[in-house]
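Keep in mind that this is a model prediction, so the values were computed, not measured. We name chains A, B, ... by the order of the sequence lines, and we start the count at 1 in each one. Side-chain atoms are counted along with the backbone in the values below, which use heavy atoms only and exclude waters and symmetry mates.
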Amino acid sequence: MPLLESRPCPTPQEARAIMTVRTRFAPSPTGYLHVGGARTALFSYLHARKHGGRFVLRIEDTDLERSSAESVNAILEGMTWLGLDYDEGPFYQTERFERYNAVIEDLLARDLAYRCDCPKVRLEALREEQMAEKQKPRYDGHCRDRQIDPASPHVIRFRNPLVGQVVVDDLIRGRVVFSNTELDDLVIRRTDGSPTYNLAVVVDDADMGITQVIRGDDHINNTPRQINILRAMGVEPPQYAHVPMILGDDGARLSKRHGAVSVISYRDAGYLPEALLNYLVRLGWSHGDQEVFSLDEMITLFDIANVNKAASSFNTEKLDWLNQEYLKSADPARVANLLRTHLGALGIDPTEGPDPELVVVAQAARAKTLVELAEISAFCYRDFADYDPEAAKKHLRPVAREALVRLRAAFEMMALEDWTPEPLHRGVERVAEELEEKLGKVAQPLRVAIVGRAASPGIDVTLQLVGKEATLRRIDRALAFIANREAQGGA
RNA sequence: GCUCCCUUCGUCUAGUGGUCUAGGACACCGGCCUCUCACGUCGGUAACAGGGGUUCAAAACCCCUAGGGAGCGCCA
């Protein structure tokens, strides 16, 4: 494909295609999709969706050493889980080497690039020398006018302009100006013939008609180089938006030691994708005082120009809060399905107890994650191992015996079809009245007896979830515990 | 070292020269609700990095300082 071919005027259809917004997410498959990348992807996605444009996924795998198929899968899995569906791709750069080489050859033919065979030692010495003189290390253009035998090993460097400046009107940062004297002649093709990142990105962004390049701000310093290459290719540069990075809770760069960084680890930890998305969109962006956004709201309200310039710290507490909000408001049937998986992870068979949907309705407001939801709901499906020591000490005392005995008798007489909150509540209430005690004096020992802890949903719902059989069994166990304690001389 | 960038409560943020004795959210603390724990609800603590300008007026504009970050690869 020739680069500078004069074309006839675009048809209306083509013109529309040119005008339409096209964004991309271009991860390199050298690891998992982490939250920083996910947010960048989200911003790109939102920008495209908001403008009725197209969202392209491109895999930047030119580094054959570090790229892996597992990473590609992990990234795709993360994207799918978050629901960030792309319209085109994934495109793989390794499949486009021919195209990159065509561009490089063209640049070479027009003397906008040149061969360089500077040995590593020379480059290293140069670098040291420049550092010693307190200068920015950069290539000195030694091979600019040398004629290097194409047959001998060499790299190809881009002939960067020596004068002038490059102006980037960044959608987020505003105008940033770079002087060409700060830039050097970067390598665009390695000795092994493979193209480097800066070349591949530029060719792809141009070929794929990307209109807004939304990426991490660690790329801002690459932008002037890329614009220069684009201009050499005769292509009008796209708009750029450099989003700030995400830091860990402690303000340091996000890394493994901060715990979960991969998107998938959040899924496994029991977060809902919409909660993570909502959390991420509010990191560096806001719309007045609004905290909760549905995906549709994000699409209509998001504006890349409103993204903050400063880096922000990831705060798990706030994510937890949002996740709980979504756990409470999501369709219980859907949450129940997810809960089944997490119960399974605890070795629990969800069919051996109440319908998980009932559990979700009863417990959602008590859990921050699905993992926590499963943990605090395990008592519905299997007998707990031990009583919480504090709870047992406080509530499973001889004074509670009479209440438990009466409750047991009342429950035993109840028909299975009456084992629902209303009758159960009346039953507990009646025992309290008989003993002339407050409800708490009766409900708390009962709760500890059947849950093992002093915290659970309302006692009636708790009884319903535990079921008649297990309730009677656990009351017996509590009575035995009390008797044993008494025998030991405990009060 | 050089280049570029950033700086409002602990954290995420609102704020686009007067409506700011700086608003919201998370977290934290306290009250209420209540059979427990949550939820909910009401209230509270808490910030314009520092210094100079510009202006009648500055969190907002300019400069300097400090602190922080990114980049400076035949990595992306």
> If you measure from the C1' atom in B:rG18 to the same atom in B:rG52, how many Å do you get, rounded?
Replying inline: 23 Å
> In chain order, what residues pass the side chain to side chain contact (heavy atoms under 4.5 Å, CB included) check against A:Lys393, with sequence neighbours excluded?
Replying inline: A:Arg485
> Is there any ring-ring contact (aromatic ring centres under 6.0 Å, His included) pair reaching into residues 160-205 of chain A, and which pairs are they, with sequence neighbours excluded?
Replying inline: A:Tyr197-A:His219
>> Tell me every residue that passes side chain to side chain donor-acceptor pair (under 3.5 Å) with A:Arg477, counting only those two or more places apart in sequence or in another chain.
In response: none
> Using atom C1' of each nucleotide, how far apart are B:rA76 and B:rA59 to the nearest Å?
Replying inline: 38 Å
> Please give, in whole Å, the distance from B:rG73 P to A:Glu124 CD?
Replying inline: 11 Å
>> With rounding to the closest Å, how many angstrom separate the C1' atoms on B:rU45 and B:rC2?
In response: 45 Å
> When the ring planes of A:Phe411 and A:Trp419 are compared, do they come out parallel, tilted or perpendicular, using 30° and 60° as the limits?
Replying inline: perpendicular
>> Using whole Å, what does the distance between atom C1' of nucleotide B:rC74 and atom CG of A:Leu123 come to?
In response: 9 Å
> Expressed in angstrom and rounded to an integer, what is the separation of A:Asp204 atom CG from B:rA76 atom P?
Replying inline: 13 Å
>> Tell me which pairs pass side chain to side chain donor-acceptor pair (under 3.5 Å) where either residue lies in residues 369-378 of chain A, with sequence neighbours left out.
In response: A:Gln363-A:Ser377
>> The criterion is side chain to side chain contact (heavy atoms under 4.5 Å, CB included); which residues satisfy it with A:Glu402, sequence neighbours excluded?
In response: A:Arg406, A:Leu435
>> So, does A:Ser313 get its side chain near the phosphate of B:rC12, meaning an N or O under 4.0 Å from OP1 or OP2?
In response: yes
> So A:Trp285 and A:Phe302, would you call those rings parallel, tilted or perpendicular, with 30° and 60° as cut-offs?
Replying inline: tilted
>> For A:Ser312 and A:Val187, find the nucleotide of RNA chain B closest to each by heavy atoms; which residue's nucleotide sits nearer the 5' end?
In response: A:Ser312
>> I'd like to check the side chain to side chain contact (heavy atoms under 4.5 Å, CB included) partners of A:Arg66; sequence neighbours left out, ordered by chain and number.
In response: A:Thr30, A:Asp63
> Using 4.0 Å as the upper bound for N to carboxylate O, is an ion pair formed by A:Asp204 and A:Arg24?
Replying inline: no
> If we take the C1' atom in both B:rA38 and B:rC33, what is their distance in whole Å?
Replying inline: 13 Å
Give each protein N/O atom lying under 3.5 Å from an N/O atom of nucleotides 17-23 of chain B, with the pair distance.
from, atom 1, to, atom 2, distance (Å)
B:rG23, N2, A:Asp289, OD1, 3.2

> Distance between the C1' atoms of B:rG15 and B:rA25, in whole angstroms?
Replying inline: 16 Å
> Do A:Glu291 and B:rG24 share a donor-acceptor pair, side chain to base, under 3.5 Å?
Replying inline: yes
> With a 4.0 Å cut-off, would you call A:Lys309 and A:Asp217 a salt bridge?
Replying inline: no
>> With rounding to the closest Å, how many angstrom separate the C1' atoms on B:rC48 and B:rG43?
In response: 25 Å
> With respect to the side chain of A:Glu317, which nucleotide from B:rG69, B:rC72, B:rA27 is positioned closest?
Replying inline: B:rA27
> Rounded to whole angstroms, how far apart are CZ on A:Arg66 and C1' on B:rA76?
Replying inline: 6 Å
>> Strictly by salt bridge (charged side-chain N to carboxylate O under 4.0 Å, His left out), give each pair with a member in residues 120-133 of chain A just once, sequence neighbours left out.
In response: A:Arg122-A:Asp140
> Quick one: what's the B/S/- string for nucleotides 28-48 of chain B, heavy-atom cutoff under 4.0 Å, read 5' to 3'?
Replying inline: -------BBBBSS--------
> In whole angstrom, what separates A:Lys318's NZ from B:rA27's C1'?
Replying inline: 10 Å
> Any side-chain N or O of A:Ser194 less than 4.0 Å from the OP1 or OP2 oxygen of B:rC74?
Replying inline: no
> When the C1' atoms of B:rG17 and B:rU54 are considered, how many whole Å apart are they?
Replying inline: 11 Å
>> Going by side chain to side chain contact (heavy atoms under 4.5 Å, CB included), name the residues that satisfy it together with A:Ala470, two or more places apart in sequence or in a different chain.
In response: A:Val466, A:Arg473, A:Arg474
>> Check this for me: does the side-chain of A:Asn222 come within 3.5 Å of the base of B:rA76 through a donor and an acceptor?
In response: yes
>> I want to check one thing: is the phosphate of B:rG73, taken as OP1 and OP2, less than 4.0 Å away from some side-chain N or O of A:Arg127?
In response: yes
> Counting side-chain heavy atoms from CB outward, which of B:rC74, B:rA76, B:rG1 is closest to A:Lys136?
Replying inline: B:rG1
> Reckon A:Ser286 has a side-chain N or O less than 4.0 Å from the OP1 or OP2 of B:rA14?
Replying inline: yes
> How long is the line joining CD of A:Glu128 and P of B:rG1, in whole Å?
Replying inline: 18 Å
>> Considering only residues two or more places apart or on different chains, which pairs with a residue in residues 117-144 of chain A satisfy ring-ring contact (aromatic ring centres under 6.0 Å, His included)?
In response: none
Each nucleotide N or O in nucleotides 4-7 of chain B that has a protein N or O under 3.5 Å away: list the pair and distance.
from, atom 1, to, atom 2, distance (Å)
B:rC5, O2', A:Arg173, NH1, 2.5

